[in-house]
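This report concerns only the one structure given below.
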Amino acid sequence: MKRINLVWCVLLTMAIGVSSCMKDVSSRDEEKIAENEAAIQAALQADSLGSKAVRDSTGYYYIIRKSNPSGLKAQIGDAATIKYTGYTLNGTKVISSTEDNKTEFSFPVNGGVYWPGIELGIFKLKTGEQATLYLPFYLASGAVDRVNIPAYTPIRLEVEFIKTRTELQQIDDFITKKGYTVSERTPDNLVIVRANTVTGDTIGIGKSVNVKYVGRLLDDTKFDENTSSFITGSPNTIPGFDRAIRKMKKGEKAVIIFPSKLGYGKNWTKSILPYSPLQFEVEIQ
């Protein structure tokens, strides 16, 4: 579920009160926004809890079906896990986490890579809560035809918020799952798990080094494997990777783990989502 550019134009216009961004929104888009609003209003009238719906300033509506006052709120950068099923307003099922992602779906909160309605709606919920989100097309699948979802289609999304995990919690969960014994951990959670013991000095900064590595996400999905030669402390190296290598010795092997602030941060690549903690198996040659 990829986001669409239109929503950011709409949100920007709302935020700063100018119309320049809306030049990119065609008259057809404007007509469909009005049609979506009318269709959602009709759906709310048919919903037994429709009178309790709350409209967000961005244009979607939400109804809390099951409340959990003691639940946790998602924070920017967390990994939020939800179950969801999406329907057109006539009741046709078009998407489901059960079908798309086995049973659950996790995403980086405010990462900007999925439906804007999901990314915005998660902030209205606490863990353990269930809700219905009524999403206009620009917060759902967009203004082009998708598999099972025609262009400009408003969506009713049934959502259950399962859990939210900070990056630190994700790292700790990973270490526990692997049964690792941590050799060193810095205050900003750069973790080194050494696999062997060698003598000599640590590499330090400004040294030429040759490193064989395999990079993975914390679910063990591999995103890179290579042998790299570089000068430690150089600005074009991932900070967490570089800092860990400086603490190691020639001939040493280790698993290094670090949060996204020492990696790619809120940026993302084809293989790495925003706010992703990373792990590397490394060997200093």
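Residues take their numbers from the sequence shown, with the count starting at 1.
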Check Asp173 with Arg165, please: is the shortest side-chain N to carboxylate O separation under 4.0 Å?
yes

Between Phe107 and Phe105, how do the two ring planes meet: parallel, tilted or perpendicular, split at 30° and 60°?
parallel

At what distance, to the nearest 0.5 angstrom, does OH of Tyr84 lie from CG of Leu157?
8.0 Å

Could you check whether Asp56 pairs with Lys124 (Lys NZ or Arg NE/NH1/NH2 to Asp/Glu carboxylate O, under 4.0 Å)?
yes

Taking Gly112's backbone N and O only, do any of them form a donor-acceptor pair with Glu119's side chain (distance below 3.5 Å, no angle check)?
yes

When rounded to the nearest 0.5 Å, the distance separating OG1 of Thr88 from NZ of Lys93 is 12.5 Å

Taking the side chain as every heavy atom from C-beta outward, state whether Leu278 and Tyr264 have any pair of such atoms under 4.5 Å apart.
yes

Between Lys178 and Asp220, is any pair of side-chain heavy atoms under 4.5 Å apart?
yes

Using modelled atom types and a 3.5 Å cut-off, is there a donor and acceptor pairing between side-chain atoms of Asp242 and backbone atoms of Thr232?
no

Output field: ring centroids Phe280/Phe223 closer than 6.0 Å
yes

Ser228 and Asn226: side-chain donor and acceptor closer than 3.5 Å?
no

Could you tell me whether Glu35 and Lys32 have a side-chain N and a carboxylate O separated by less than 4.0 Å?
yes

Contact between Phe241 and Val211 at the side-chain level, heavy atoms closer than 4.5 Å - yes or no?
yes

Flag side-chain contact, heavy atom, 4.5 Å: Ser141 against Ile155
no

Tell me if a side-chain donor or acceptor on Glu167 pairs with a main-chain N or O of Ser260 at a distance below 3.5 Å.
yes

How close do Ser96 and Thr85 get, heavy atom to heavy atom, and via which atoms?
OG-OG1, 3.9 Å

Do Glu37 and Tyr61 have a side chain donor and acceptor closer than 3.5 Å?
yes

Is any side-chain heavy atom of Ile175 closer than 4.5 Å to a side-chain heavy atom of Arg185?
yes

Please identify which of these residues, Arg243, Arg246, Arg194, meets the salt bridge (Lys or Arg N to Asp or Glu O under 4.0 Å) condition with Glu184.
Arg194

Keeping Asn110 on the side-chain end and Lys266 on the backbone end, is there a donor-acceptor pair under 3.5 Å?
no

d(Tyr87 OH, Leu89 CG) to nearest 0.5 Å is 13.0 Å

Report yes if the side chains of Gln75 and Val109 come closer than 4.5 Å at any heavy-atom pair, otherwise no.
no

Does the Glu129 side chain pair with the main chain of Phe161, one donor and one acceptor, at a distance under 3.5 Å?
no

Answer yes or no: is there a donor N or O on one side and an acceptor on the other, between the side chain of Lys73 and the main chain of Phe123, under 3.5 Å?
yes

Given side chains that start at C-beta, do those of Pro108 and Tyr114 come closer than 4.5 Å, heavy atoms only?
yes

Using distance alone, with no hydrogens and no angle criterion, decide if Asp78 and Tyr275 have a side-chain donor and acceptor under 3.5 Å apart.
no

Do the charged groups of Lys207 and Asp201 touch, with an N to O distance under 4.0 Å?
no

Does a side-chain N-to-carboxylate-O contact under 4.0 Å join Glu160 and Arg65?
no

Working to the nearest 0.5 Å, report the span between CG of Asn189 and CZ of Phe258.
12.5 Å

Do the side-chain N and O atoms of Asn210 and Ser229 include a donor-acceptor pair separated by under 3.5 angstrom?
yes

At their closest point, which heavy atom of Ile63 faces which heavy atom of Leu44, and how far apart are they?
CD1-CD2, 4.1 Å

